[in-house]
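Here is the structure we will look at.
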Amino acid sequence: MENSPNYSNNSKYFWAAITILTLLSGGLGYLYLQEKKLNNLKVIKIEEQIKAQLIATTKLDSMSSELTLKINEVKNLGGDVSSLKKIKSDLEADKRQIINQKNIISSDFDKKIKNYEVLLAQKDLDIVKLRELNGILVSQNKSLNTENSGLKSEKLRMADSINSVAAKNKELADKVTLASALRAQTINVYAISSKGKELDGGSYNARKVDKIRISFHLVDNPLSKQEEKEIFVRLLDPNGSIISDTATGSGTFLFNGQEIIFSVKKRERYTNSNQLVEILYARGQSYRQGKYGVELYCEGYKIGQGTFDVK
């Protein structure tokens with residue numbers, strides 16, 4: 001039975017379509033495999049980038065922590081930390097670059113990390129030297145402190161000795177000064193009337209006292225210098241008040257570190273001959289009744305005292 005023409009043509013088209021579909025399927029399968037392979041490569045590359053970033057940042061973090069420790073140690077040792085701070089600043093900048101950079105070149109950062117490792121190793125050597133230097137300085141300081149303590153102790157001993165000698169010298173000087181002080185004896189007070197008549201006896205009528213004359217002897221003292229001496233007289237009224245008048249020559253002088261008032265004074269050359277000294281005092285006003293005191297001073301010492309009565 002013969003095939004019809006329509007069946008033959010349909011059969012050709014069918015097989016042609018099958019062939020085309022087969023080719024398309026194969027092509028698509030190839031393209032799919034290629035795309036999958038490319039995607040796998042991209043994933044591997046991303047994973048490698050992440051791994052490289054993680055390794056680099058971890059190393060830099062470790063170095064940053066190490067730098068912080070070194071900076072603190074150098075500070076404690078009294079060294080200069082400016083170079084260490086510069087290294088740490090650069091390291092932190094590199095770490096930020098790694099984190100923010102999508103495609104990093106591992107070899108470049110491996111080189112930087114190596115450089116940082118070299119710098120840190122050098123700083124380790126510097127710190128060792130700084131420790132040794134500080135050890136020497138501490139040892140020297142201890143030695144100096146020991147010497148200084150010894151010197152201080154010696155100085156204190158010397159100061160105590162000097163103070164002791166000075167105190168003894170002062171005590172001796174005070175004794176010598178005291179021993180050299182003048183002493184007045186045979187103190188008499190005479191009254192002189194307005195007519196110039198002199199009365200003695202130590203007790204006088206108020207109407208007959210215009211002036212007074214004080215006489216005394218300066219006891220021989222070979223320790224006292226033979227030179228001009230200034231003798232101060234203090235007259236005390238019956239109430240114990242000092243009789244003074246600047247118009248008649250009164251003033252003040254130092255006694256026991258304080259200024260006290262004197263009634264009259266006289267300059268007399270000391271001759272170490274039991275000499276007689278006379279001092280005239282004109283008060284310029286009348287004396288009231290009562291007991292009067294007379295005090296004599298010279299060179300900071302009280303050298304004698306006496307009294308007289310006015311009735």
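Nothing fancy with the numbering, it's 1 onward along the sequence.
In terms of heavy-atom proximity, Thr271 sits nearest to Gln275 at N-OE1, 2.6 Å. Closest of all the heavy-atom pairs between Asp210 and Ser194 is CB-N, 3.5 Å. Smallest separation of non-hydrogen atoms from Ile187 and Ile214: CG2-CG2, 4.4 Å. In terms of heavy atoms, Val209 sits closest to Ala191 at CG2-CB, 3.9 Å. Nearest heavy-atom pair, Leu296 versus Ala184, reported as atom, atom and distance to 0.1 Å: CD1-CB, 3.8 Å. Closest non-hydrogen pair, Ala282 versus Thr248, comes out as O-CG2, 3.6 Å.
The ring pair (Phe, Tyr, Trp, His ring centres under 6.0 Å) search around Tyr270 returns none, not counting sequence neighbours. Leu254 meets the side-chain contact (heavy atoms from CB on, under 4.5 Å) test with Glu259; sequence neighbours excluded. Partners of Asp126 by side-chain hydrogen bond (donor to acceptor under 3.5 Å, both in side chains), not counting sequence neighbours, listed by chain and number: Gln122. Listed by chain and residue number, nothing satisfies the side-chain hydrogen bond (donor to acceptor under 3.5 Å, both in side chains) test with Asn274 (two or more places apart in sequence, or in another chain).
Using a distance-only test at 3.5 Å, with no hydrogens or angles considered, a donor-acceptor pair links the side chain of Ser250 to the main chain of Ser263. Listed for the Asn188 side chain is no donor-acceptor partner under 3.5 Å among the backbone atoms of Ser215. Remark: side-chain polar atoms of Glu92 are not paired, donor with acceptor, to backbone N or O of Lys88 under 3.5 angstrom. Side-chain atoms of Asp200 never come within 3.5 Å of backbone atoms of Tyr190 as a donor-acceptor pair (strictly under, hydrogens ignored). Proximity of a side-chain donor or acceptor of Asn221 to a complementary backbone N or O of Ala181 within less than 3.5 Å is detected. In terms of modelled atom types and a separation under 3.5 Å, the side chain of Asn239 and the main chain of Ser241 share no donor-acceptor contact.
The same ILVMFWY cluster, assembled from side-chain heavy atoms under 4.5 Å apart, contains both Ile243 and Val233. A continuous path of Ile, Leu, Val, Met, Phe, Trp and Tyr side chains, each step under 4.5 Å between heavy atoms, connects Leu120 with Leu77, placing both in one hydrophobic cluster. The cluster map of Ile, Leu, Val, Met, Phe, Trp and Tyr, joined by side-chain heavy atoms under 4.5 Å apart, puts Ile127 and Val81 in the same cluster. Hydrophobic clustering (ILVMFWY, side-chain heavy atoms < 4.5 Å, transitive): Val277 and Val189 are in one cluster.
Rounding to the nearest 0.5 Å gives a distance of 12.0 Å between OG of Ser286 and CZ of Arg207. Separating the CZ atom in Arg183 from the SG atom in Cys298 is a distance of 14.0 Å, to the nearest 0.5 Å. Put simply, CG on Leu67 and CG on Asn72 are 11.0 Å apart, with the number rounded to the nearest 0.5 Å. Separating the CG atom in Asp237 from the OG atom in Ser244 is a distance of 10.0 Å, to the nearest 0.5 Å. The NZ atom of Lys85 sits 4.5 Å away from atom NZ of Lys75, with the distance rounded to the nearest 0.5 Å. Note that the NZ atom of Lys70 and the CD1 atom of Ile87 stand 10.0 Å from one another [nearest 0.5 Å].
A 4.5 Å side-chain heavy-atom check between Leu91 and Ser64 finds at least one atom pair inside the cut-off. Side-chain contact between Leu199 and Lys197: present, with at least one pair of heavy atoms (C-beta onward) separated by less than 4.5 Å. Taking 4.5 Å as the limit, some side-chain heavy atom of Ile192 sits within range of a side-chain heavy atom of Arg213. Using a 4.5 Å cut-off on side-chain heavy atoms (C-beta onward), Pro238 and Gln289 make no contact. Between Glu73 and Arg131, some side-chain heavy-atom pair lies under the 4.5 Å cut-off. The side-chain heavy atoms of Glu66 and Asp124, taken from C-beta on, include a pair separated by under 4.5 Å.
When only modelled atom types and interatomic distance are considered, Asp80 and Ser82 share a side-chain donor-acceptor pair under 3.5 Å. Using a 3.5 Å distance cut-off with no hydrogens or angles, the side chains of Lys229 and Ser224 do pair a donor with an acceptor.
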How far apart are the C-alpha atoms of Val294 and Phe308, what are their side-chain angles, what is the distance that settles it, and do they pass the side chain to side chain contact (heavy atoms under 4.5 Å, CB included) test? CA-CA 8 Å; Val294 178; Phe308 67 95; 4.0 Å; yes

Side chain to side chain contact (heavy atoms under 4.5 Å, CB included), that's the test. Do Glu278 and Leu276 meet it? Break it down for me. CA-CA 7 Å; Glu278 295 182 330; Leu276 176 66; 4.0 Å; yes

Take Phe216 and Ile279 through the side chain to side chain contact (heavy atoms under 4.5 Å, CB included) test and state the conclusion after the steps. CA-CA 9 Å; Phe216 54 91; Ile279 301 175; 4.1 Å; yes

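Stacking of Arg283 on the aromatic ring of Tyr281 is not recorded, the 6.0 Å distance cut-off and the 45° axial limit not both being met.
Applying the 4.5 Å side-chain rule to ILVMFWY residues, one finds Phe232, Phe253, Phe255, Phe262, Tyr297 in the same cluster as Ile260.
Among residue pairs with one or both ends in residues 261-276, those qualifying as salt bridge (charged side-chain N to carboxylate O under 4.0 Å, His left out) are Glu228-Arg267, Glu230-Lys265, Glu230-Arg267, Lys266-Glu268; sequence neighbours excluded.
For CZ of Arg288, the number of neighbouring non-hydrogen atoms (other residues, nucleotides, ligands) closer than 6.0 Å is greater than 12.
The only option from Leu235, Val310, Ile212 that meets the side-chain contact (heavy atoms from CB on, under 4.5 Å) definition with Tyr292 turns out to be Val310.
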